[in-house]
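The sequence lines fix the lettering, A, B, ..., with proteins before strands; numbering per chain opens at 1. Computation of the quantities below employed the complete heavy-atom set of this structure, encompassing side-chain atoms and omitting hydrogens, waters and symmetry-equivalent molecules.
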Amino acid sequence: MLAAAFVLLVTVLAVAGQLFTPADPDKQSLLDAAKGPSSGHLLGTDDLGRDVLSRLMQGTLSAVSGPVCVALGTMVLGTALGLLAGYYGGRVDALVTLLSDVLYSLPFMLIAIVVVGVVGTGYWLTVALLIALMFPFALRLVRSATRVQSRLPYVEAARTLGVPDRRVVTHHVLPNVSPIIVANILLDFVTAIIAFSALTFLGLGSRAGSSDWGTMLADGQKLIYDNPWMAIVPALLIALTCISATVLGDWFYDRLSARSEER
Amino acid sequence: MGLVGFIARRAAFSLLLLLIVSFLVFGLTAAAPGSQLTALLGGRPPTPEQVAALNEQYHLNDPFFQQYGRWLINAVQLDFGTSSVAGVSVTQQIGQYLPITAQLAAMALVLSLIVSVPAGLFAGIGRGGKLDRTVSLLTVGGMSSPPYAVGILLIFVLGVKLSVLPVYGAGEGGGDRFVHLILPAITLTIGLAAIVARQTRASTLTVMQQDYITFARARGLSPRRILVVYALRNSALPVVTSAGLLLISLISGAVLVEQVFSLPGLGQLIVSSVQQADLPVIQGVTMVLALVVILTNFAVELLSLLIDPRTRYAAKG
């Protein structure tokens, strides 16, 4: 429940951060630079005297929306190809398995760093890259679940009744593998948010001076003796968002799979 | 198909994988915006003679596959060319940065095994109990907190507030180096330990439901004997097979942790060469790390054949 509340809070922050912030997030004031918390600036100021709280709120949307897109994209691609490979087997399956084997044996973060750094991608290209790197994992999951399902008697029964393959997949198999898919969206979201803020933390994939969580964390580390809140709050925000999403994902999975067992 | 055939097939697969990676690494960096020429010139205004000399030296006008072939032949001999920023050979640079990463990785690995194997084992045995719930909660936390965030929180608490441990740089000499690596290693351990504990717990759960455990209990064997001889040994296999996964998260984690703690290791080398568009170094480090991962995966497969006779039958098919 705590986890759900925190995810809700982050969502509210993401929206509210665009509409209203306690202070102008881009307003500089060198006289107030790198100060600790005060009544005017609840979380203090950064090295250019900008209000940390406002910048964090402003950065929430870009920190969260990219990973949400990654998670959804991963789910759509992974589910579609996973159903195909798992249901039909054969050559499609072999190709798809080889692809995911290749990506399984590579350090995922390393590739992301190298590609983003070398090709110099922007925000949405980073999203596309992460989807490309992550969907094989979802695919493998959906594929093995589909294989289990498509051998069960009810699939055979539907086939015998002359239900076309496409309908069997979408109406019979899909509902039964959906708990895994739903739980996996949240776990993919976690992976994506970690990867995203890692890239921005390293100064890749976002503009300098933006208010991304990762960028703020990197800037905050330099000021850790002057205004530690600037480092701690983004670190906690990232960690707590990820933990809450994982807990929610696990919970969904337990609940949905318990329900499908009752049926 | 015999056992030798299986091993040969896996070896061939590892080689194929390595080839695919090398092609991607070379192709990617060659496709980078801004030609290699501008990177090699490093911002100097070029004279036509310089351009011609560089083209000649690096064979930049050759067809792509010819360039790739030449690069691959050198790479097999561990020659990745010369860093376009530092001016020394890439192999030399890797040799210089590798020890820190290796020491950090070794410390984190030992630390995480010490913590997580017992934790996972006891959690799996006392399923649903207080310890199990605590361990499960901690693994969720550990697996989903990014290493850089954990690192900064640790820096703040142990380095800034309590100032008990150094938080910056690698230190000089053996003892000093060890002290400097404590915090980074702890940071890395949190993620790793969570993975290992989860694996150990899951495999212990499966093992504890087996008939031979029930039978051993019925025979009146001491719980300690059951634990060590029956449960630990049989839950070890899935943990060993996850070594490849561990290594991947170790490398990814090390890249970030080295950045947080300003450690001059391979991770920092790759991040700085990415920022400076130092193509030969990027290619070299990526290839070396990929080689380590692929070799580990292969070794793990061989090892599991050795540990568990059942996989040998499966391999024979």
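Counting heavy-atom pairs closer than 4.5 Å to chain A, the top-ranked of the candidates Pro147(B), Ala149(B), Gly151(B) is Ala149(B). Ranked by heavy-atom pairs under 4.5 Å with chain B, the list Ile238(A), Leu240(A), Val190(A), Leu202(A) is led by Leu202(A).
Sorted by first and then second residue, the pairs that involve residues 132-157 of chain B and meet salt bridge (Lys or Arg N to Asp or Glu O under 4.0 Å), not counting sequence neighbours, are Asp132(B)-Arg201(B).
Inspection of non-hydrogen atoms places Ile270(B), Val271(B) of residues 265-272 of chain B under 4.5 Å from chain A.
For the side chain to side chain contact (heavy atoms under 4.5 Å, CB included) with Val260(B), the qualifying choice from Ile152(B), Thr187(B), Leu183(B) is Ile152(B), the only one to do so.
Nearest approach of Ile100(B) to Pro264(B), heavy atoms of both residues: CG1-O, 3.7 Å.
With contacts defined as side-chain heavy-atom distances shorter than 4.5 Å, the pair Met134(A)/Asp188(A) qualifies.
We find the OG1-CG distance between Thr189(B) and Leu250(B) to be 9.0 Å, quoted to the nearest 0.5 Å.
There is no contact between Thr191(A) and chain B, counting heavy-atom distances below 4.5 Å.
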Side-chain atoms of residues 12-27 of chain B: list all donor-acceptor pairs with protein atoms under 3.5 Å, sequence neighbours left out, distances to 0.1 Å.
residue  : atom : partner  : partner atom : Å
Ser14(B) : OG   : Arg10(B) : O            : 3.0
Ser22(B) : OG   : Leu19(B) : O            : 2.7
Ser22(B) : OG   : Tyr68(B) : OH           : 2.8

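With sequence neighbours excluded, the residues that form a ring-ring contact (aromatic ring centres under 6.0 Å, His included) with Phe201(A) are Tyr148(B).
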